[in-house]
Amino acid sequence: MKLKVYADRMSQPCRAVIIFCKVNGIDYEEIKVHISKGQHLTPEFAEINPMKQLPAIADGRFKLFESHAILIYLACAFPGVADHWYPADVFKRSKIHSVLDWHHSNLRRGAAPYVFNTTIAPILGRPLNPQVAAEAEIILSSSLSKLESFWLKGNGRFLLGRNQPSIADLSLVCELMQLECFPLTYTTPVLDEKDRTRLLGPHKKVQQWIENTRNATSPHFDEVHRVIMLAKERQQHQRLKAAKNEGGSNMKRPLVSRM
Amino acid sequence: MKLKLYADRMSQPVRAVIIFCKKNGIDFEEIRVDIAKRQHLTTEYAEINPMKQLPAIVDGRFKLFESHAILVYLASSFPGVADHWYPADVFKRSKIHSVLDWHHSNLRRGPTTIVRNTVLAPVLGRPLNPEAAAEGEKFLSASLSKIESIWLKGNGRFLLGGNQPSIADLSLVCDIMQLELLGETERNRFLGPYKEVQQWIENTRNATNPHFDEVHKILMKAREKLQNLRLKGANNEGGESDMKRTLHSRI
Ligand SMILES: N[C@@H](CCC(=O)N[C@@H](CS)C(=O)NCC(=O)O)C(=O)O
Ligand SMILES: N[C@@H](CCC(=O)N[C@@H](CS)C(=O)NCC(=O)O)C(=O)O
């Protein structure tokens with residue numbers, strides 16, 4: 001039976017898992033679960049993941065959720081995954097665990113609530129919370145600095161000074177790609193690249209590393225990210241239109257269309 | 001060279017690592033880094049862990065931080081650690097990763113947040129923050145209910161239906177133990193509804209004793225101190241209002 005991947009490509013950990021499968025030639029069936037339609041909250045999906053979150057997999061009778069755990073499982077259980085993704089060497093492997101653990105309470109804790117409270121919330125019919133966004137931005141900025149100064153220290157092209165990508169590169173870069181999708185923020189009306197530039201601009205190594213990871217997983221990286229690029233374009237379009245209608249007046253609240 | 005463990009036993013991930021070493025006969029040197037004295041913020045310690053957090057280990061020239069990663073490393077590289085702590089079987093191992101990943105963004109955001117914004121705040125010279133504490137309570141309640149209904153489902157004595165503890169049991173139980181600092185009434189208010197959780201804490205404690213109790217001793221002492229502080233505070237207030245009353249009656 002083919003591996004089943006339950007996914008919504010708007011979600012960053014889902015994209016990491018899908019790209020990983022594609023790059024490594026793992027045959028899988030993608031089962032779309034649309035978060036914006038509440039499909040992850042159904043009793044059927046709770047059978048797959050009782051925590052009602054994405055991604056999740058079912059490999060035969062074996063079910064698993066949490067994207068890091070899934071990536072490790074896939075790297076271990078499928079033959080043909082190159083060692084650099086999740087090295088057998090216990091020292092190298094431990095460092096990758098360390099980055100992945102750090103991701104949870106730092107980069108993810110910053111990026112996810114930041115993007116949610118500047119962009120995504122209205123799509124899901126929830127209010128934007130500027131205070132939460134402001135707190136998240138602090139964590140996000142400090143995480144980006146740590147990436148630049150510590151995890152990307154040295155001359156390697158990837159995290160931990162490595163020259164080939166690991167599951168940690170994929171997981172963290174997909175998280176950062178989420179920043180692509182917020183041309184709309186609660187403070188700035190028609191500003192597309194400004195926030196991204198403000199946040200990522202000072203971090204040259206981070207930018208280069210995103211590019212390196214993208215290249216190393218091409219063409220799948222772009223293909224799997226197409227959905228957020230399209231969402232971004234749609235939002236930009238909406239904003240321009242709205243700005244025109246209001247004569248460019250200062251909109252405090254973004255107008256987000258149904259996606 | 002002996003394994004070095006940078007530790008402050010007031011920290012729950014630190015306790016998990018210490019108990020793990022003791023239980024598995026891993027020889028280590030405990031290097032105290034007192035968070036209350038801000039010793040984790042020194043430049044020397046940043047050489048060990050640039051994130052300036054505890055725990056961290058140094059094994060020869062190999063440095064590592066993040067308690068889950070440390071537990072996995074120790075279980076993988078020290079001979080004599082029984083398989084049940086971190087099974088070689090890829091399916092069992094993956095489930096343990098899943099629990100540990102889940103821990104980060106759920107349970108971990110409960111006890112610490114509550115403790116820091118209630119009983120510990122005055123000690124650390126910070127204002128009480130009931131809003132943050134309430135947020136922590138939300139994470140705690142939701143997490144305990146998931147542990148009870150999902151992770152402890154079935155008849156096993158440990159997480160995932162296991163009959164022997166894994167690093168996940170140790171990590172999560174040490175986290176919940178932080179609630180002891182709130183005093184018995186508060187702790188029971190949170191844990192009361194979750195019978196399976198209570199039993200599992202007891203099982204994990206028994207499976208790792210006497211080390212579990214020994215390593216938690218500092219927490220119990222801190223609980224007493226905090227309680228005394230609270231009593232004194234209450235008395236002082238009482239004293240003050242007594243004084244006011246006397247003043248009033250004079251007038
Ligand atoms: N730590 C988890 C995070 C999973 C997660 O937060 N998934 C989000 C999408 S990015 C989700 O399912 N959100 C829907 C919800 O929580 O209701 C992982 O890495 O898999
Ligand atoms: N995810 C980390 C958490 C580490 C952590 O939060 N450590 C705390 C003590 S429990 C600390 O060092 N706090 C001091 C600080 O952050 O300034 C782990 O499991 O090791």
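The sequence lines fix the lettering, A, B, ..., with proteins before strands; numbering per chain opens at 1. Keep in mind it's a predicted model, so treat the numbers as computed, not measured. What you see below is based on every heavy atom in this structure, not just the backbone, and it leaves out hydrogens, waters and symmetry mates.
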Problem set entry | More than 12 heavy atoms from other groups under 6.0 Å of NZ on B/K52 | no

Seminar exercise, completed: One should read off an interatomic distance between B/L100 CG and A/E66 CD, to the nearest 0.5 angstrom, of 10.0 Å

Exercise. Taking all non-hydrogen atoms of both residues, which atom of B/S94 and which atom of A/A69 are closest, and how far apart?
Worked result: O-CB, 4.0 Å

Exercise. Above 12 or not: heavy atoms from other molecules or residues under 6.0 Å from CG of A/N163?
Worked result: yes

Exercise. Would you call A/K146 and B/M51 a side-chain contact if the rule is heavy atoms closer than 4.5 Å?
Worked result: yes

Problem set entry | B/K146 versus A/P50, closest heavy-atom pair with distance | NZ-O, 4.2 Å

Exercise. From A/Q131 CD over to B/E131 CD, what is the distance, rounded to the nearest 0.5 angstrom?
Worked result: 6.0 Å

Seminar exercise, completed: With chain A, the option among B/H103, B/R108, B/K63, B/Q53 that has the most non-hydrogen atom pairs under 4.5 Å is B/K63

For this session: Heavy atoms only, distances under 4.5 angstrom: which of A/D59, A/V90, A/V99, A/L64 has the most pairs with chain B? Name it, please.
Result: A/L64

Seminar exercise, completed: Turns out that what part of A/R109 lies under 4.5 Å from chain B's heavy atoms comes down to side chain

Exercise. Atom CD1 in A/I72, atom CG in B/D101: separation rounded to 0.5 Å?
Worked result: 7.0 Å

Problem set entry | Nearest atoms (heavy-atom pairs only) where B/A69 meets A/S98 | CB-N, 3.7 Å

Seminar exercise, completed: Honestly, the part of A/F150 sitting under 4.5 Å from a heavy atom of chain B is side chain

For this session: Decide if atom CG of B/D89 counts as having more than 12 heavy atoms of other residues, nucleotides or ligands within a radius under 6.0 Å.
Result: yes

Exercise. Do the rings of A/F91 and B/F62 sit parallel, tilted or perpendicular, given the 30° and 60° boundaries?
Worked result: perpendicular

